[in-house]
Amino acid sequence: MKKIRCAIYTRKSSEDGLEQEFNSLHAQREACAAYIASQKHEGWVLVPDQYDDGGLSGGSLDRPALQHLLADIRDGKIDQIIVYKIDRLTRSLADFAKIVDILDAGGASFVSVTQSFNTATSMGRLTLNMLLSFAQFEREVTAERIRDKIAASKRRGLWMGGQVPMGYDPDGRTLTINEREARTIRTLYALYEQHGTIREVKAQADALDLRTRRRTLSSGETRGGGAFDRGHIHHILTNPIYAGRIRHRDKVHDGKHDPIIAPDRWDELQLRLQGKASRLRRRKTPRRVSLLCRKLFDETGDRLTPSH
């Protein structure tokens with residue numbers, strides 16, 4: 001009888017309880033070992049190596065024990081992976097497909113002991129394909145539902161999260177004006193109305209020592225608090241959020257929050273910005289004349305051309 005070398009893979013997402021003498025990893029291993037023992041008449045034997053990932057999520061393949069296991073499959077050391085449930089192996093459809101490819105290349109398969117799931121049989125593979133199809137369908141439907149909800153909420157003028165723009169504070173599904181930062185926003189708009197170029201706005205903002213918002217990340221690291229660059233100034237001047245509006249893709253809707261800049265004033269400033277950009281695009285590059293052009297040749301007789 002052919003011997004089938006079985007490896008047990010266990011995983012637990014959190015580290016809670018791992019310090020206990022008998023934890024979730026032990027329970028998974030015990031159930032899998034019992035299943036292997038019940039299949040002894042089929043030639044199943046448990047390999048001595050243990051593949052346990054404690055405190056690691058199934059949303060990624062970046063797990064030491066799993067990588068060790070996949071390497072052993074590539075080396076032909078394992079014939080079958082035994083898991084307690086399929087989600088112990090992975091929670092990602094894309095990663096699952098990669099694992100199946102590695103199993104196929106290594107002539108191996110996997111078994112889920114609590115879900116009657118055995119890819120060594122044709123029925124197991126059929127079940128696998130059906131599960132993958134439904135999982136893919138569920139994921140795509142969920143993504144469509146989330147996109148539709150975001151679009152509908154923005155049409156109603158609600159704030160749907162993301163990085164909070166300078167000048168505002170989040171307040172549930174809307175924004176409230178942060179007066180201290182709003183003064184900086186109003187100053188930048190006034191500077192553009194006065195000088196008409198972003199370059200000059202940048203120079204004046206530096207002279208006034210205007211600073212960007214200072215943010216503290218969840219890691220404790222702080223960002224921002226420096227001088228405005230021209231890209232940031234342009235983003236602020238063209239952001240409809242400051243006119244009390246919400247942008248979604250190529251559409252702009254009236255928002256529920258108060259404007260920092262009056263909408264008519266913001267619209268007028270956009271016309272100035274667009275007119276300036278149009279003039280810059282029409283500006284022709286001055287023709288440069290090289291005095292030695294068409295007069296110099298190399299040793300083979302080919303004409304030399306100028307380059308800068």
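The environment of CZ in Arg199 is sparse: at most 12 heavy-atom neighbours from other residues, nucleotides or ligands sit within 6.0 Å. Within a 6.0 Å radius of CG in Asp75, more than 12 heavy atoms belonging to other residues, nucleotides or ligands are found. Crowding of Glu268 atom CD: a count of heavy atoms from other residues, nucleotides or ligands under 6.0 Å not exceeding 12.
With respect to Glu193 and Arg272, no salt bridge is recorded, no charged nitrogen being found less than 4.0 Å from a carboxylate O. With respect to the salt-bridge test (charged N to carboxylate O, under 4.0 angstrom), the residues Asp267 and Arg245 qualify. Remark: Arg211 engages Asp209 in a salt bridge, criterion side-chain N to carboxylate O under 4.0 Å. With respect to the salt-bridge test (charged N to carboxylate O, under 4.0 angstrom), the residues Lys2 and Glu42 do not qualify.
Leu103 places a side-chain heavy atom less than 4.5 Å from the side chain of Ile99. Counting heavy atoms from C-beta on, the side chains of Leu210 and Leu188 come closer than 4.5 Å. Between Arg215 and Gln163, the closest side-chain pair of non-hydrogen atoms falls below 4.5 Å. Leu175 is not listed as a side-chain neighbour of Asp258, based on a closest heavy-atom distance of 4.5 Å or more. In this structure, the side chains of Asp52 and Arg29 come closer than 4.5 Å at one or more pairs of heavy atoms. No side-chain heavy atom of Thr10 sits less than 4.5 Å from a side-chain heavy atom of Asp53. In this structure, Val111 and Ile81 have side chains that are not in contact, with every pair of non-hydrogen atoms separated by 4.5 Å or more. Side-chain atoms of Asp72 and Tyr51, non-hydrogen and from C-beta on, do get closer than 4.5 Å to each other.
Residues Pro259 and Ala243 share a closest heavy-atom pair of CB-C, 3.5 Å. Ser109 and Gln80 get closest at one heavy-atom pair: OG-OE1, 2.7 Å. A pairwise comparison of heavy atoms in Leu46 and Ala33 identifies CD2-CB, 4.5 Å as the closest pair. Here the closest heavy-atom approach between residue Ala227 and residue Asp206 is recorded as CB-OD1, 3.7 Å. Scanning both residues, Ala151 and His248, for their nearest heavy atoms gives CB-NE2, 3.6 Å. Across all their heavy atoms, Lys154 and Arg247 have their closest contact at NZ-O, 3.5 Å.
With values rounded to the nearest 0.5 angstrom, Asp79 atom CG is found 4.0 Å from Arg5 atom CZ. Rounded to the nearest 0.5 angstrom, Tyr84 OH and Gln28 CD are separated by 8.0 Å. The NZ atom of Lys202 sits 8.5 Å away from atom CZ of Arg230, with the distance rounded to the nearest 0.5 Å. With rounding to the nearest 0.5 Å, the separation of CG in Leu208 from CG in Leu191 is 6.0 Å. For the atom pair CD1 (Ile241) and CD1 (Ile246), the distance works out to 3.5 Å, reported to the nearest 0.5 Å. Atom CZ of residue Arg173 and atom CE of residue Met160 lie 4.5 Å apart, to the nearest 0.5 angstrom.
Transitive grouping of hydrophobic side chains (ILVMFWY, heavy atoms separated by less than 4.5 Å) keeps Leu66 and Leu56 in distinct clusters. The hydrophobic clustering, which links ILVMFWY residues whose side-chain heavy atoms are closer than 4.5 Å, places Val47 and Leu89 together. Cluster membership check: Ile4 shares its hydrophobic cluster with Ile82, using side-chain heavy-atom separations under 4.5 Å among Ile, Leu, Val, Met, Phe, Trp and Tyr. Under the 4.5 Å side-chain contact rule for hydrophobic residues, Tyr168 and Trp266 share a cluster. A continuous path of hydrophobic side-chain contacts links Val164 to Ile236 [ILVMFWY only; heavy atoms under 4.5 Å].
Between the side chains of Trp44 and Tyr35, no donor-acceptor pair of N or O atoms lies under 3.5 Å. Judged purely by distance below 3.5 Å, without hydrogens or angles, the side chains of Arg11 and Ser13 pair a donor atom with an acceptor atom. Thr176 and Asp171 share no side-chain donor-acceptor pair at under 3.5 Å.
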**OP:** Determine, step by step, whether Thr238 and Gln270 satisfy the side chain to side chain contact (heavy atoms under 4.5 Å, CB included) criterion, reporting the C-alpha distance in whole Å, the side-chain angles of both residues, the deciding distance to 0.1 Å, and the verdict.
**Re:** CA-CA 7 Å; Thr238 57; Gln270 301 314 302; 3.7 Å; yes
Subject >> Pair Val113-Val83, side chain to side chain contact (heavy atoms under 4.5 Å, CB included): steps then yes or no >> reply: CA-CA 6 Å; Val113 301; Val83 293; over 6 Å; no
**OP:** Begin with the C-alpha distance, continue with both residues' side-chain angles, and end with the deciding distance and a verdict on side chain to side chain contact (heavy atoms under 4.5 Å, CB included) for Met166 and Tyr242.
**Re:** CA-CA 10 Å; Met166 183 176 178; Tyr242 296 114; 4.1 Å; yes
Original post:
Please walk me through it: do Tyr192 and Leu273 pass side chain to side chain contact (heavy atoms under 4.5 Å, CB included)?
Top reply: CA-CA 9 Å; Tyr192 185 82; Leu273 279 166; 3.4 Å; yes
**OP:** Mind running salt bridge (charged side-chain N to carboxylate O under 4.0 Å, His left out) on Arg183 and Glu181 for me, showing each step along the way?
**Re:** CA-CA 5 Å; Arg183 284 195 291 274; Glu181 294 182 353; over 6 Å; no
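The side chain to side chain donor-acceptor pair (under 3.5 Å) with Tyr9 is formed by just one residue from the set His68, Arg88, Arg63; it is Arg63. When each of Ile260, Ile185, Asp169 is tested with Asn178 by the rule side-chain contact (heavy atoms from CB on, under 4.5 Å), just one qualifies, namely Asp169.
In this structure a side-chain-to-backbone donor-acceptor pair under 3.5 Å is missing from His234 to Gly231. Checking side-chain atoms of Thr212 against main-chain N and O of Gly226 turns up a donor-acceptor pair under 3.5 Å.
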